[in-house]
Amino acid sequence: MLDGLLAQSGQGVCLLVDAGGGGITACLPVALHPSLAFGGLTACVTEWWFDAAALGTQAGCLNACLATLADWCRAYGIRHILLAPALAADQPSGFVRDASGLWHRSLSPAPKTLG
């Protein structure tokens, strides 16, 4: 199933946060897009929903979701994450401003182990 997902542009994944077993408290939809500028697939985040009553502030949860996304991308060979500037008021950890205006984070692939 993942091979089919990675072969198509515009498809994606969605990270869901369940804080303390009280139901879904945050959602981070991610679209996978091919990019000539970055030489392969990019994970593009343009939306973010969270329950402020359950989480309080969004910054910590967003950073945790982005860290999980980075791990997932590394595991599947996706080397770039793009983040809409409106989602993060301050510079997210590991991100820099791209010429396109989006936040950009380069990733190195995860090492593979046999056995």
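We're numbering straight along the sequence, starting at 1. These figures come from a predicted structure and were not determined experimentally. Scope of the values below: all heavy atoms of this structure, side chains included, with no hydrogens, waters or symmetry mates.
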Looking at side-chain heavy atoms only, is the closest gap between L41 and S35 below 4.5 Å?
-> no
Using side chain to side chain contact (heavy atoms under 4.5 Å, CB included) as the criterion, list what pairs up with S106, not counting sequence neighbours.
-> H80, H104
Check step by step if side chain to side chain contact (heavy atoms under 4.5 Å, CB included) holds for D18 and T25.
-> CA-CA 6 Å; D18 180 7; T25 54; 5.6 Å; no
Beyond-backbone contact of F95 with L66, side-chain heavy atoms, under 4.5 angstrom = yes
Non-hydrogen side-chain atoms of P29 and V45 separated by less than 4.5 Å | no
Side-chain contact test, heavy atoms from C-beta onward, threshold under 4.5 Å: evaluate it for V30 versus I81 and give yes or no.
-> no
Please report the closest heavy-atom contact between C65 and L15, naming both atoms and the distance.
-> O-CD1, 3.3 Å
Give the ring-plane orientation class for F50 versus W48, where under 30° counts as parallel, over 60° as perpendicular and anything between as tilted.
-> parallel
Is there a donor-acceptor pair under 3.5 Å between the side chain of T42 and the backbone N or O of F38?
-> no
Residue pair L62 / P92, side-chain heavy-atom distance below 4.5 Å = no
Non-hydrogen side-chain atoms of L32 and I78 separated by less than 4.5 Å | yes
Pairwise distance CZ(R105) to CG(D98) - rounded to 0.5 angstrom | 15.0 Å
What pairs with L16 under side chain to side chain contact (heavy atoms under 4.5 Å, CB included), at least two apart in sequence or on another chain?
-> C14, I24, C27
Contacts of L102 that satisfy side chain to side chain contact (heavy atoms under 4.5 Å, CB included) - sequence neighbours left out | L82, P85, S100
Non-hydrogen side-chain atoms of W103 and Q91 separated by less than 4.5 Å = yes
